[in-house]
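Below is one structure, written out as structure tokens, with a few remarks after it.
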Protein chains: 2
Amino acid sequence: MSTGAASFGSGGTRGRESALRASGPGAITDRMSSRPASGRHPTMDQVAEAAGVSRATVSRVINGAPSVDAKIREMVQRAIAETGYVPNVAARSLVTRRSNSVALVISEPDRPDNNSFLNRIFTDPYFGRITAGATTALRPHDIHLVVIPTDSTDHHQVIRYLRQGHVDGVLLISSHEQDTLPRQVHELGIPAVVSARPTSPIAVSFVDVDQRLGARLAAERLLSRGCRRLATISGPLDIPSGLDRLDGYRAYLAEHGFDAVPSVEGDFTRAGGEAAARRLLTEHPEVDGLFVASDLMAEGALRAVQDLGRRVPDDLAVVGFDDSSAALDCRPLLTTVRQPVEEMAAEMAEVLLAHIAAPGRLPRSVTFQPTLVVRDSA
Amino acid sequence: MSTGAASFGSGGTRGRESALRASGPGAITDRMSSRPASGRHPTMDQVAEAAGVSRATVSRVINGAPSVDAKIREMVQRAIAETGYVPNVAARSLVTRRSNSVALVISEPDRPDNNSFLNRIFTDPYFGRITAGATTALRPHDIHLVVIPTDSTDHHQVIRYLRQGHVDGVLLISSHEQDTLPRQVHELGIPAVVSARPTSPIAVSFVDVDQRLGARLAAERLLSRGCRRLATISGPLDIPSGLDRLDGYRAYLAEHGFDAVPSVEGDFTRAGGEAAARRLLTEHPEVDGLFVASDLMAEGALRAVQDLGRRVPDDLAVVGFDDSSAALDCRPLLTTVRQPVEEMAAEMAEVLLAHIAAPGRLPRSVTFQPTLVVRDSA
DNA sequence: CTGAAAGCGCTTACAG
DNA sequence: CTGAAAGCGCTTACAG
């Protein structure tokens with residue numbers, strides 16, 4: 001942290017190189033072709049000199065300004081290739097006020113142990129799909145993603161990071177109700193898109209899936225299969241998606257004459273699903289149709305169900321939610337409600353890009369429709 | 001991309017604010033305390049003016065220079081708090097030539113489908129542990145991690161990114177034999193640490209686990225349990241760790257009189273492990289002890305084994321490798337060789353930091369010892 | 001211990 | 001269409 005030394009290779013040779021360059025374009029070419037750019041960093045002025053034009057013209061060529069004369073452009077491009085020039089991003093950012101990267105902030109409730117928290121984040125199929133979708137959408141724009149996991153103990157660090165101008169905008173994955181980060185980010189005034197309807201009433205763009213509809217799809221499937229003793233393992237009830245899936249499921253069943261639907265609250269983990277299923281079947285052994293609010297929980301639940309001697313789907317049909325890779329790890333293969341997470345993350349990225357390009361743009365929300373993916377468990 | 005507009009909030013009000021500030025420190029304080037810094041960005045000059053010192057002094061306070069007078073330091077800190085000042089990282093990087101971030105490049109073989117490739121990367125427990133370990137080690141240094149998944153089709157993009165000075169160094173996760181990225185990164189001259197001994201002979205620092213020792217531990221466990229019909233599901237044999245684990249296993253068994261040890265090559269995925277186990281048990285139904293070269297494969301293998309009617313560990317004992325979270329998802333719980341991945345990633349980060357701080361430092365390698373974690377499968 | 005000044009490497013009005 | 005010049009917001013020798 002303390003030294004100001006150049007980060008790249010032999011910065012110390014720069015003086016010597018400049019001297020060589022001063023002897024003319026020919027010398028430069030010979031020099032560079034025999035030692036392809038590696039570890040040293042020519043400057044835009046040096047490219048300009050090699051091409052016999054001004055620095056401004058080099059800049060225009062690099063940034064694709066249409067006004068540049070074709071021949072000159074070509075000369076410059078040759079000079080760029082010969083010198084192995086690559087723009088310095090710090091210098092560029094300083095004037096453009098753009099970093100060409102965005103943050104993906106994954107905000108979770110407090111955790112006891114830092115390392116396992118991070119491990120869970122970086123290993124969760126849901127976050128994996130988010131990251132993959134956002135990365136894919138951003139790549140063609142040459143914008144990079146900085147992934148920042150956080151809980152409430154380091155919100156201030158995240159805010160500081162954002163304020164320092166490291167990124168042009170933020171994709172905020174936040175699900176629990178009490179999370180104050182969406183509001184803090186909003187107050188920062190930095191372009192942002194949130195992964196679900198924020199619980200506090202702030203004017204911010206977000207992308208969501210129709211959670212209730214998804215739960216209704218699950219209920220419908222179970223009913224149409226002939227299940228009549230229905231239950232559910234819900235997500236955490238302090239998370240809107242957890243609540244909405246439970247509500248949607250119950251609402252649909254109520255509409256069809258099923259009123260007291262047992263439910264056990266889970267925590268969106270495999271182990272949590274397993275424990276919840278065990279409890280549920282102990283208290284309600286008669287259950288023949290089960291909606292589990294995430295595939296990961298369903299994977300655990302399936303294990304418990306089968307341990308307890310029930311055959312799936314014959315004795316007990318199970319429908320999950322997500323259609324993540326976990327659904328394919330289940331035996332039998334999991335029938336589940338598909339949430340198009342990659343596409344949702346890509347949409348978040350697109351909306352964010354639009355906000356960055358036009359800071360005055362009004363916030364908007366985009367809702368995706370879930371679909372039922374029928375496999376073997378129901 | 002085309003506009004040079006400020007990325008943050010109401011950049012346009014700056015002129016007005018400066019005017020307000022010019023009316024004296026009192027005005028600034030009042031202004032700022034009623035509107036806590038949000039969306040607007042005071043500059044170091046403004047802090048200096050508010051504190052009645054020079055810009056250089058503010059800089060020294062921010063960077064913790066010891067020479068600053070205590071009273072002045074305090075005045076400056078107050079001014080910083082009142083104005084809500086946060087340094088502009090681009091300006092700082094331009095002069096320090098440091099970005100305070102490092103890249104975590106995850107290099108994998110070519111993949112057919114981009115999205116599923118990314119999904120696998122961001123969901124794999126091994127990469128998850130790497131990311132968690134590196135993040136934890138870097139956090140106290142206030143250095144951020146930019147995660148960059150890549151295959152050979154976009155090596156040039158990665159190289160360009162690195163050359164642009166986005167990061168001060170790179171943590172390179174590369175396992176397959178033919179990967180040319182370690183060499184390319186090495187030639188760039190940027191500080192780098194690789195996750196395993198590079199297959200091409202380049203002088204670069206790396207961190208590894210003693211793969212052969214791990215495999216020997218597994219073999220020893222199986223033998224001491226009384227298994228006498230031993231087999232293995234190996235990793236991909238074009239990956240050094242895959243090869244080394246197979247070799248170590250066979251070598252130990254050979255030393256103990258077991259010569260023809262059947263093996264099937266897997267691909268380090270759950271599905272691959274399942275298929276491999278099915279094949280292995282079909283061809284060698286007599287097997288009673290099995291070393292599976294990764295926990296994820298072991299999870300799949302366990303499923304196949306039990307599907308085929310074998311009881312674990314009584315009919316067939318199974319030892320995995322990694323001790324990732326997958327080991328706890330196995331039924332029975334997986335006995336496995338623990339690779340301390342988080343600690344290894346943290347060590348990679350420390351070594352990288354040392355290289356960044358002292359560019360002339362000689363490359364070195366650090367090897368961790370694996371340990372056997374006994375649970376229920378063997 | 002502190003300040004004035006130079007300079008990091010770009011982009012972008014502004015002239016021509 | 002092109003160039004000279006200003007300026008982005010910092011850090012760091014260099015004097016004092």
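Within every chain, numbering begins at 1; the chains are lettered A, B, ... in the order of the sequence lines, protein sequences first and strands thereafter. What you see is a predicted model, and the numbers here were worked out from it, not measured in a lab.
Not one side-chain nitrogen or oxygen of B/Asn88 sits closer than 4.0 Å to the OP1 or OP2 atom of D/dC8. For B/Thr57, no side-chain nitrogen or oxygen approaches OP1 or OP2 of C/dC1 to under 4.0 Å. Phosphate contact (OP1/OP2 of C/dC10, side-chain N/O of A/Thr43, threshold under 4.0 Å): present. Dashed line: the shortest gap from a side-chain N or O of A/Arg97 to OP1 or OP2 of C/dT11 is not under 4.0 Å. Of the side-chain N and O atoms in B/Ser59, one or more sit less than 4.0 angstrom from OP1 or OP2 of D/dT11.
Remark: C1' of D/dG9 and CD1 of B/Ile62 are 11 Å apart, rounded to the nearest angstrom. Atom NZ of A/Lys71 and atom P of D/dC1 are 13 Å apart (whole Å). Taking atom CD of A/Gln164 as the reference point, atom C1' of D/dC8 lies 17 Å away to the nearest angstrom. Put simply, CD on B/Gln46 is 11 Å from C1' on D/dG9, counting in whole angstrom units. Atom P of nucleotide D/dC10 and atom CD of B/Glu49 are separated by 14 Å, given to the nearest angstrom. Counting to the nearest Å, the P atom of C/dT11 and the CG atom of A/Leu94 are 11 Å from each other. The interatomic distance linking A/Arg55 (CZ) with D/dA5 (P) rounds to 11 Å, in whole Å. At whole-Å resolution of the value, CZ in A/Arg98 and P in C/dC10 are 18 Å apart.
Taking all atoms of both residues into account, the shortest heavy-atom contact from B/Asn88 to B/Ala91 is OD1-N, 2.9 Å. The minimum heavy-atom distance between B/Ser205 and B/Pro363, with the atom names listed, is OG-CA, 3.2 Å.
Residue-level contact check: B/Val89 touches neither bases nor backbone, having no heavy atom under 4.0 Å from any strand. Nucleic acid contact class of A/Asp45 (heavy atoms, under 4.0 Å, all strands): none. Using a 4.0 Å heavy-atom criterion, one finds that A/Ser67 contacts the bases of the nucleic acid, with or without backbone contacts as well.
Proximity of a side-chain donor or acceptor of A/Asp168 to a complementary backbone N or O of A/Ser99 within less than 3.5 Å is detected.
The base of C/dG3 is paired with the side chain of B/Arg60 by a donor and an acceptor separated by under 3.5 Å.
When each of B/Val53 and B/Ala91 is assigned the nucleotide of DNA chain C with its nearest heavy atom, B/Val53 is the one assigned upstream, toward the 5' end. Residues A/Ala90 and B/Pro66 each lie close to DNA chain C; by heavy-atom proximity, the contact nearer the 5' end of the strand is made by B/Pro66. Remark on DNA chain D: of its neighbouring residues B/Asn63 and A/Ser54, the 5'-side contact belongs to A/Ser54, judged by nearest-heavy-atom nucleotide.
Ring geometry for B/His166 versus A/His144: interplanar angle of 30 to 60°, hence tilted.
Heavy-atom contacts from other residues, nucleotides or ligands closer than 6.0 Å to CD of B/Gln157 number more than 12.
Considering only the side chain of B/Met44, D/dC10 comes nearest among D/dA6, D/dC10, D/dC8. With distances taken from any side-chain atom of A/Ile72 to the nucleotides D/dA4, D/dT2, C/dT11, the minimum falls on D/dT2.
Side-chain contact annotation: A/Thr153 with A/Asp151, donor-acceptor N/O pair under 3.5 Å present.
Checking D/dA15 for Watson-Crick or G-U wobble geometry (two distances, each under 3.5 Å) identifies C/dT2 as its partner.
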